[in-house]
Number of protein chains: 4
Amino acid sequence: MQLINGEAVRGRAPEKKYRARYLEVLNAAAKLFSAKGYQAATTTHIAEELGIHQASLYYYLKSKEQALEQICEIAIDGYVRFSQAIRKSRQPVTTKLRKLIFMHLITLELRPNFFKVFQENRKDLGDQARHRIGQQIRTYESNVESIIRQGIRAGALRADLNPVRATLALLALCNSVAVWWHVRSDEAIQLIAKDLADIFIKGAESGKAAAKPGV
Amino acid sequence: MQLINGEAVRGRAPEKKYRARYLEVLNAAAKLFSAKGYQAATTTHIAEELGIHQASLYYYLKSKEQALEQICEIAIDGYVRFSQAIRKSRQPVTTKLRKLIFMHLITLELRPNFFKVFQENRKDLGDQARHRIGQQIRTYESNVESIIRQGIRAGALRADLNPVRATLALLALCNSVAVWWHVRSDEAIQLIAKDLADIFIKGAESGKAAAKPGV
Amino acid sequence: MQLINGEAVRGRAPEKKYRARYLEVLNAAAKLFSAKGYQAATTTHIAEELGIHQASLYYYLKSKEQALEQICEIAIDGYVRFSQAIRKSRQPVTTKLRKLIFMHLITLELRPNFFKVFQENRKDLGDQARHRIGQQIRTYESNVESIIRQGIRAGALRADLNPVRATLALLALCNSVAVWWHVRSDEAIQLIAKDLADIFIKGAESGKAAAKPGV
Amino acid sequence: MQLINGEAVRGRAPEKKYRARYLEVLNAAAKLFSAKGYQAATTTHIAEELGIHQASLYYYLKSKEQALEQICEIAIDGYVRFSQAIRKSRQPVTTKLRKLIFMHLITLELRPNFFKVFQENRKDLGDQARHRIGQQIRTYESNVESIIRQGIRAGALRADLNPVRATLALLALCNSVAVWWHVRSDEAIQLIAKDLADIFIKGAESGKAAAKPGV
DNA sequence: AATGAATGAGTGTTCATTCAT
DNA sequence: TATGAATGAACACTCATTCAT
């Protein structure tokens with residue numbers, strides 16, 4: 001028996017099927033956590049979603065909380081990866097910020113449940129996992145902060161901008177979308193991203209004479 | 001014991017004492033809900049916080065959920081009241097927005113737990129209460145939206161600003177503070193409010209050259 | 001301080017008032033026990049009926065169960081007393097039986113709650129009290145049985161009548177009225193008593209040629 | 001797990017085992033309800049009777065009240081069924097009445113607890129179930145009343161007999177047996193039924209001289 | 001690969017009762 | 001004479017989790 005990522009892994013062919021079903025289970029958990037909240041969603045709800053018996057969940061999951069952990073880890077990994085890429089890329093800062101906002105929002109379209117759960121239910125993690133995830137969040141934030149500092153240094157952003165506060169504001173703007181998206185409207189993520197970027201950037205960037213038309 | 005409107009009414013002086021203790025109980029509940037979440041906070045935790053037996057809570061509370069209701073109602077009532085006042089006042093729109101942001105944030109200083117609970121746990125309310133509170137939230141939002149529309153009409157804000165989206169963005173900015181304030185820093189609310197207002201307004205207002213005189 | 005019936009008794013004048021209020025309390029308890037059942041009726045319900053605070057009940061009552069005891073005792077005492085009188089009286093047995101049935105039913109009109117509670121809730125008494133009451137019930141039953149044996153001996157009742165079974169049947173007939181009286185009809189107790197007596201006696205008495213018209 | 005009509009359906013063989021155990025659980029509940037009363041019997045008591053943990057009850061039972069419902073439904077269904085059959089049968093009315101009394105009493109021997117619980121604890125049902133059961137009771141009563149009216153029309157029963165009162169009296173006679181049977185004696189149900197029938201019928205039937213031939 | 005059966009620790013809530021005032 | 005405040009023991013019920021099969 002091999003160990004991958006600290007998990008016992010079954011034989012050759014079955015392993016693939018197991019993995020596939022495991023992801024289905026995770027998806028179902030994410031869907032229910034997202035819909036009802038982690039505490040209110042019961043293992044019975046998740047099992048019903050999958051059409052299996054409650055006890056069968058435990059063939060795939062070590063515990064309910066471990067499912068939450070996995071979901072949060074997958075979500076934060078995505079954030080960390082694209083923020084890293086954007087930070088290191090070579091383009092104007094405003095372009096970077098627009099890209100970042102777009103990428104942050106597009107996660108909602110790709111795996112809506114994972115990211116909603118990550119945002120709203122990571123507080124329900126156990127201490128250890130919460131701190132591990134928290135570490136990653138701070139990595140994401142510091143990537144964003146780096147970009148903003150680059151912008152300030154380059155003169156593209158206001159010199160008096162508080163980089164920490166601006167970072168938190170930017171992320172708050174992005175995260176807020178998850179709450180009303182699909183409830184209040186079904187507008188395309190791209191349009192929403194553009195509007196948010198306009199609000200953030202046109203205030204953050206220095207020395208603009210007037211509203212740039214086609215931005 | 002007299003009955004007025006089906007509710008037990010206590011005498012003069014005792015009534016005061018009861019009310020005072022009732023608010024202490026509500027505060028303790030808000031503190032625990034805020035710290036652990038509504039579902040995870042048990043009535044035992046709340047009672048311990050007050051130094052009384054769990055069953056004694058029910059001398060003051062009809063139920064755990066009714067406590068949540070009260071907390072949310074007190075919170076949203078505050079928002080509705082000041083937003084109404086600001087909307088109807090006669091001052092430049094940017095001044096109104098700065099005032100609004102400041103008022104929204106100052107609530108954190110007054111009753112931090114009430115507003116955190118309101119933001120994070122109103123989803124745990126029963127259907128009836130949630131809808132009642134939802135009604136109030138929409139009133140608050142429409143007050144904010146009104147102010148933004150006034151600004152657009154008056155030419156103080158960008159003509160191409162989407163008023164709905166701008167409203168949600170503004171509130172997201174304000175609400176995000178509750179998450180990190182007192183954790184990440186203990187800076188004065190006033191300074192935070194000014195920074196957020198700068199980020200929001202300088203992007204939202206049209207035709208500014210670089211002016212930051214009296215901001 | 002004197003002791004009457006094992007209870008501490010207060011001073012001169014106040015004693016009368018106390019006793020009067022005590023009976024009011026007992027009445028209220030009987031009313032609620034009768035309406036909701038002993039277990040389902042709470043001390044709060046009883047206090048509300050009296051317009052006093054729950055805790056104030058305990059100025060008059062040692063406990064909820066003691067109230068039930070008192071109620072049952074008052075009820076059974078009534079039964080024992082009139083059955084004794086009728087048994088010892090000198091009249092035809094059928095007259096005695098008709099009188100007994102009438103007396104048993106008339107209790108419903110006099111103190112409906114006490115007797116309903118006695119019938120339906122004496123099983124909720126503690127062991128000691130239940131046995132004490134049970135003793136009294138057996139006295140009542142044996143008075144009735146005596147009358148029936150008198151009738152058999154005198155030839156007025158069937159010789160092959162099983163006296164024990166006939167006693168139980170007679171009392172069952174009487175007790176059943178409490179269940180539907182005032183629910184299903186408001187006919188006079190006298191008429192009901194006559195009908196029941198007819199059903200019981202015309203079967204129990206021997207050698208009747210045909211239905212006696214005016215009985 | 002398949003879902004049919006919203007209810008979980010088990011496979012072939014296990015289904016049988018489940019059903020069997022379910023009935024054991026219901027029996028245990030009936031036994032405890034009958035011994036202590038519905039309110040006083042706790043789920044812990046019932047579980048102890050079965051030798052399982054209290055929580056395990058809820059694998060079989062939706063709630064304590066639902067158990068009571070089931071018990072009452074099973075009981076009343078029996079009454080309705082045999083009373084229907086007897087009413088429609090073609091035999092002398094007195095034979096019908098004797099049969100009815102016998103059938104009513106024989107239920108005590110089959111499932112003593114179910115019928116005691118039905119008689120004494122149906123008042124503890126929730127409104128909905130109580131009304132549903134009440135409907136059935138009225139069906140039973142009206143079947144009995146029909147038989148009595150047949151008898152009156154046919155001249156077999158007294159013309160001045162009040163059919164409603166006679167019905168209630170008959171049922172009271174039958175129901176009363178549950179209270180003392182097995183406590184006071186262990187006589188055969190048949191003998192008891194005969195005695196009760198004699199008491200009821202010989203009063204109810206008209207124009208008998210002194211005849212007790214084949215009774 | 002999945003489940004039937006069961007459990008143990010808890011959860012909110014109720015209620016009779018107490019006692020200082 | 002009555003009550004405000006509090007309690008302790010119990011209660012029905014829930015739920016994540018286990019394990020033999």
Taking only side-chain nitrogens and oxygens of [X], does any of them come within less than 4.0 Å of OP1 or OP2 of [N]?
| X | N | answer |
| --- | --- | --- |
| C:Thr42 | E:dC15 | no |
| D:Ser56 | E:dT7 | yes |
| C:Tyr60 | F:dT1 | no |
| D:Thr43 | F:dA12 | yes |
| D:His53 | E:dG8 | yes |
| B:Arg21 | F:dA6 | yes |
| B:Tyr59 | F:dA5 | yes |

Check for a donor-acceptor pair, side chain of C:Lys36 on one end and backbone N or O of C:His45 on the other, with a separation under 3.5 Å. no
For the side chain of D:Gln66 and the backbone of D:Leu61, is there at least one donor-acceptor N/O pair under 3.5 Å apart? no
Spacing of [X] atom [atom1] relative to [N] atom [atom2], expressed in whole Å:
| X | N | atom1 | atom2 | result |
| --- | --- | --- | --- | --- |
| C:Leu50 | F:dT1 | CG | P | 15 Å |
| A:Lys64 | F:dT14 | NZ | C1' | 11 Å |
| B:Leu61 | E:dT14 | CG | P | 11 Å |
| D:Tyr58 | F:dT14 | OH | P | 7 Å |
| D:Glu24 | E:dA5 | CD | P | 12 Å |

Using Watson-Crick or G-U wobble pairs with both distances under 3.5 Å, give me DNA chain F in dot-bracket, 5' to 3', with [ ] for crossers and | for pairs to another strand. .||||||||||||||||||||
By nearest heavy atom, map B:Gly51 and D:Gln39 onto DNA chain F; which one lands nearer the 5' end? B:Gly51
Using a heavy-atom cut-off of 4.0 Å across all strands, would you classify B:Ala41 as base, sugar-phosphate, or nothing? sugar-phosphate
Selected nucleotide, minimal atom distance to D:Tyr18 side chain, candidates F:dT3, E:dT13, E:dA5: E:dA5
Is a donor-acceptor pair below 3.5 Å formed from side chain A:Gln54 to base F:dC15, judging by atom type as modelled? no
Give the residues of residues 119-132 of chain A touching DNA chain F, defined as any heavy atom closer than 4.0 Å, sorted by residue number. none
